[in-house]
Colleague: 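Could you have a look at this structure, given as structure tokens, before my questions?
Computation of the quantities below employed the complete heavy-atom set of this structure, encompassing side-chain atoms and omitting hydrogens, waters and symmetry-equivalent molecules. Throughout, residue positions are numbered sequentially from 1 according to the sequence presented.
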Amino acid sequence: MARLAQTAGLTDVQQEILSTVRDFVDKEIIPVATELEHRDEYPQQIVDGLKELGLFGLMIPEEYGGLGESLLTYALCVEEIARGWMSVSGIINTHFIVAYMLKQHGTQEQKDHFLPRMAAGDIRGAFSMSEPGLGSDVSAITSKAVKDGEEYVLNGQKMWLTNGGTSSLVAVLVRSDEGHPEGTAPHKSMTTFLVEKEPGFGEVRPGLTIPGKIDKMGYKGVDTTELIMDGLRISADRVLGGVTGRGFYQMMDGVEVGRVNVAARGCGVAQRAFELGVQYAQQRHTFGKAIAQHQAIQFKLAEMATKVEAAHAMMVNAARKKDSGERNDLEAGMAKYLASEYCKEVVEDAFRIHGGYGFSKEYEIERLYREAPMLLIGEGTAEIQKMIIGRRLLEEYRFQG
């Protein structure tokens, strides 16, 4: 709603970008999102529209053809897009994590080669850390790269790859023992490879297979896949940054951006749920008056709006912290944790306000009710966020007795 989730201190350019994205969401996404979601259909027309708006280059520096905007601008755009349909925000999130990792850690040759085409939307990015047996324990990665002359040979299975089918560039984290003696800490023997591939499913390049889409409860439309490497040969110049052993740190830097993104998605979905709830509460009548006039419903609306506002404020703070160049793992963890939990609660309250109609696929809230749970686990579960928050607090408030 116009009154909630306002951001102070935005430039005229930022406000113009957000206004353009908001109009696009209202006209091009919201009217078709539920129908496309029920069909689990990739929103190609919407993605083409985002490409025309230049959003695939939003955070890529101007020297590479992008708009050179901040993480805050990007997060606010994600918030608007997720308000329309969360799956669409997922399509651009993984793209921007890879672009950010290239900008921060890539060699000059890698930046020159990839970033201009990523800014134009001609190359779509995806990134891959997770595996079938490790969940949040990144140190347990078993996928491996072995040096063979001027190439590396990669083997292993990756999991939960957003944009796995539609992407043409995947940043893949694997173990690489070359140059790292036995006993090296796991996080110091990981490397990120930039893997180029053809979009689609099946064998998308020799040694690399994308089996197909994983069927999900929600978060449909966007393709979520496995990635199987079996003798995949990658040139040494496709090691991100040109040096092995830095992959864990590169990925964690990207994940901080991803956590701000997930927080923004939670804010957007919660805003939409509030909009639907407050609108329905004024249309639905019981006992001779609109249910919005019942105190119990007013209490719900008050709690929902407060949660939307609080989550938005924390998300903005985390984005601004990252933009300042400071460490923001504490702020990003707090924002991701709070926004995803509040999103779930606001969506459920809107669902309750709808009563039996909320259970019907004809109503948009049914889709949001299935989408919100993904935010509880994406980019690290609530438990992982609390571990990060707790450790950072102990660093900041170390007892000196």
Colleague: Check Asp329 with Arg327, please: is the shortest side-chain N to carboxylate O separation under 4.0 Å?
Modeller: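 A salt bridge links Arg327 with Asp329.
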Colleague: Can you list the steps and then say if Tyr152 with Arg233 is a side chain to side chain contact (heavy atoms under 4.5 Å, CB included)?
Modeller: CA-CA 6 Å; Tyr152 288 85; Arg233 304 190 75 88; over 6 Å; no
Colleague: For the CD atom of Glu309 and the SG atom of Cys267, what is their distance to the nearest 0.5 Å?
Modeller: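 That separation rounds to 10.0 Å.
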Colleague: Are Lys322 and Glu256 ion-paired here, with the side-chain N under 4.0 Å from a carboxylate O?
Modeller: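 Counted as a salt bridge, because a side-chain N and a carboxylate O are separated by less than 4.0 Å.
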Colleague: Using only atom types and a distance under 3.5 Å, with no angle test, would you say the side chain of Asp323 pairs donor to acceptor with the backbone of Leu72?
Modeller: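 Confirmed, Asp323 side chain pairs with Leu72 backbone.
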Colleague: With a 4.5 Å heavy-atom cut-off, do Lys144 and Leu154 have their side chains touching?
Modeller: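 Contact flag for Lys144/Leu154 side chains = no.
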Colleague: Is Asp26 salt-bridged to Arg83, cutoff N-O under 4.0 Å?
Modeller: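 Judged by the 4.0 Å cut-off on N to carboxylate O distance, Asp26 and Arg83 do form a salt bridge.
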Colleague: Considering all heavy atoms of both residues, which atom of Leu58 and which atom of Phe96 are nearest to each other, and what is their separation?
Modeller: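 Closest approach of Leu58 to Phe96: N-CZ, 3.3 Å.
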Colleague: I'd like to know if the side chain of Gln250 and the backbone of Leu240 have a donor-acceptor N/O pair within less than 3.5 Å.
Modeller: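 Yes; at least one donor-acceptor contact below 3.5 Å.
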Colleague: Given Met59 and Leu67, is the side chain to side chain contact (heavy atoms under 4.5 Å, CB included) satisfied, shown in steps?
Modeller: CA-CA 6 Å; Met59 276 181 64; Leu67 297 179; over 6 Å; no
Colleague: Could you tell me whether the side chain of Leu36 reaches within less than 4.5 Å of the side chain of Trp85, counting heavy atoms only?
Modeller: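 Answer yes - side chains close enough.
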Colleague: Do Gln298 side-chain atoms and Ala292 backbone N/O form a donor-acceptor pair below 3.5 Å?
Modeller: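 Yes; at least one donor-acceptor contact below 3.5 Å.
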Colleague: Just by distance, no angles: are the side chains of Asp237 and Ser235 close enough, under 3.5 Å, to form a donor-acceptor pair?
Modeller: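 Asp237 vs Ser235: donor-acceptor pair found between side chains.
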Colleague: Would you check if the side chain of Lys336 reaches a backbone N or O of Leu375 as a donor-acceptor pair within less than 3.5 Å?
Modeller: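 Confirmed, Lys336 side chain pairs with Leu375 backbone.
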Colleague: Looking at Ser360 and Glu362, would you say the former's side chain and the latter's main chain have a donor-acceptor pair under 3.5 Å?
Modeller: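 Yes; judged by distance alone, with no hydrogens or angles, the pair exists.
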Colleague: Can a donor-acceptor pair be found, under 3.5 Å and without considering hydrogens, that links the side chain of Arg272 to the backbone of Gly84?
Modeller: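 A pair under 3.5 Å: no.
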Colleague: Quick one, Leu55 and Ile81 - any side-chain contact, counting heavy atoms below 4.5 Å?
Modeller: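 Result yes, sub-4.5 Å side-chain heavy-atom pair found.
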Colleague: Less than 4.5 Å apart, any side-chain heavy atom of Glu151 and any of Ile234?
Modeller: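 No, their side chains stay 4.5 Å or more apart.
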Colleague: First locate atom CD1 of Ile228, then atom CG of Leu161, and finally report the distance between them rounded to the nearest 0.5 Å.
Modeller: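 The CD1 atom of Ile228 sits 11.5 Å away from the CG atom of Leu161.
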Colleague: Suppose we screen for salt bridge (Lys or Arg N to Asp or Glu O under 4.0 Å). Which residues come up paired with Glu383, at least two apart in sequence or across chains?
Modeller: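 Not a single residue meets the salt bridge (Lys or Arg N to Asp or Glu O under 4.0 Å) criterion with Glu383.
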Colleague: Check whether any side-chain heavy atom of Arg370 lies under 4.5 Å from a side-chain heavy atom of Lys220, and answer yes or no.
Modeller: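 Yes - at least one pair of side-chain heavy atoms lies under 4.5 Å apart.
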Colleague: Nearest 0.5 angstrom please: Phe114 CZ to Thr107 OG1, how far?
Modeller: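 Answer rounded to 0.5 Å: 9.0 Å.
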Colleague: Determine, step by step, whether Arg238 and Glu109 satisfy the salt bridge (Lys or Arg N to Asp or Glu O under 4.0 Å) criterion, reporting the C-alpha distance in whole Å, the side-chain angles of both residues, the deciding distance to 0.1 Å, and the verdict.
Modeller: CA-CA 10 Å; Arg238 290 298 176 257; Glu109 185 275 333; 3.3 Å; yes
Colleague: Do His95 and Asn163 meet the criterion of a side-chain donor-acceptor pair at a distance under 3.5 Å?
Modeller: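 Distance-only check fails for His95 and Asn163.
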Colleague: Say you draw a straight line from CD1 of Ile365 to CZ of Arg352; how long is it, rounded to the nearest 0.5 Å?
Modeller: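 These two atoms lie 12.0 Å from each other.
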Colleague: Identify whether NZ of Lys or CZ of Arg in Arg124 sits under 6.0 Å from the centre of the six-membered ring of Phe56 and within 45° of that ring's axis.
Modeller: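 Relative to the ring axis of Phe56, which defines the angle, Arg124 lies inside both limits.
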Colleague: Quick test of your reading of the model: are Arg367 and Glu37 salt-bridged, counting only N-O distances below 4.0 Å?
Modeller: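 Glu37 and Arg367: not salt-bridged.
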Colleague: Could you check whether any side-chain heavy atom of Gln385 comes within less than 4.5 Å of a side-chain heavy atom of Arg259, counting everything from C-beta outward?
Modeller: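 Gln385 reaches Arg259 side chain to side chain.
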Colleague: Could you tell me the separation between the CD atom of Glu198 and the OG atom of Ser167, rounded to the nearest 0.5 Å?
Modeller: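 Interatomic distance, Glu198 CD to Ser167 OG, rounded to 0.5 Å: 11.0 Å.
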Colleague: Taking side chain as C-beta onward, heavy atoms only, is Val347 less than 4.5 Å from Val269?
Modeller: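 Yes. Closest side-chain heavy atoms under 4.5 Å.
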Colleague: Going through the checks in order, is the side chain to side chain contact (heavy atoms under 4.5 Å, CB included) test met by Leu4 and Gln271?
Modeller: CA-CA 8 Å; Leu4 290 180; Gln271 282 185 51; 5.7 Å; no
Colleague: Under a 4.0 Å threshold between the charged nitrogen and the carboxylate oxygen, would Glu395 count as salt-bridged to Arg391?
Modeller: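 No, Arg391 and Glu395 are not salt-bridged.
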Colleague: Is there side-chain contact between Val172 and Thr192, with heavy atoms separated by less than 4.5 Å?
Modeller: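 No, too far: nothing below the 4.5 Å cut-off.
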Colleague: Going by distance alone, is a donor N or O of one side chain under 3.5 Å from an acceptor N or O of the other, for Glu131 and Ser143?
Modeller: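 Note: Glu131 and Ser143 side chains meet the donor-acceptor criterion.
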Colleague: Check whether any side-chain N or O of Gln110 sits under 3.5 Å from a backbone N or O of Val239 as a donor-acceptor pair, and report yes or no.
Modeller: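 Checked: pair present.
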Colleague: Hey, is the main chain of Arg117 close enough, under 3.5 Å, to the side chain of Asp122 for a donor-acceptor pair?
Modeller: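 Not a single qualifying donor-acceptor pair exists.
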Colleague: Go through the side-chain N and O atoms of Gln14 and Thr73 and say whether any donor and acceptor fall under 3.5 Å apart.
Modeller: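 A pair is found: one side chain offers a donor N or O, the other an acceptor, under 3.5 Å apart.
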Colleague: Between Thr224 and Lys216, is there a side-chain donor-acceptor contact under 3.5 Å, judged purely by atom types and distance?
Modeller: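 Looking only at side-chain atoms, Thr224 and Lys216 do form a donor-acceptor pair, the distance falling under 3.5 Å.
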Colleague: How close do Val98 and Ala171 get, heavy atom to heavy atom, and via which atoms?
Modeller: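 Reported closest heavy-atom pair: CG2-CB, 4.2 Å.
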Colleague: If you round to the nearest 0.5 Å, how far is CD1 of Ile46 from CD of Glu41?
Modeller: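 Between atom CD of Glu41 and atom CD1 of Ile46 there are 9.5 Å.
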Colleague: Taking NZ, NE, NH1 and NH2 as the nitrogens, is one of them in Glu303 or Lys300 under 4.0 Å from a carboxylate oxygen of the other?
Modeller: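 Here Glu303 does not pair with Lys300 in a salt bridge, since their nearest N and O are not under 4.0 Å apart.
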Colleague: Before you tell me yes or no, could you show the steps for Leu368 and Glu371 under side chain to side chain contact (heavy atoms under 4.5 Å, CB included), namely the whole-Å CA-CA distance, both residues' side-chain angles and the distance that decides it to 0.1 Å?
Modeller: CA-CA 5 Å; Leu368 271 57; Glu371 288 179 339; 4.3 Å; yes
Colleague: Measure from the side-chain N and O atoms of Thr94 to the backbone N and O of Gly125, and report whether any donor-acceptor pair falls under 3.5 Å.
Modeller: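 Yes, Thr94 side chain to Gly125 backbone: donor-acceptor pair under 3.5 Å.
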Colleague: Under 3.5 Å, is there a donor-acceptor pair linking the side chains of Trp160 and Glu226?
Modeller: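 Short answer, no.
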Colleague: Would a distance-only check, ignoring hydrogens and angles, find a side-chain to backbone donor-acceptor pair under 3.5 Å from Asp230 to Gly207?
Modeller: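 No, because the side chain of Asp230 does not come within donor-acceptor range (under 3.5 Å) of the backbone of Gly207.
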Colleague: Side chains of Ser176 and Thr191: any donor to acceptor distance under 3.5 Å?
Modeller: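 Yes, a side-chain donor-acceptor pair sits under 3.5 Å.
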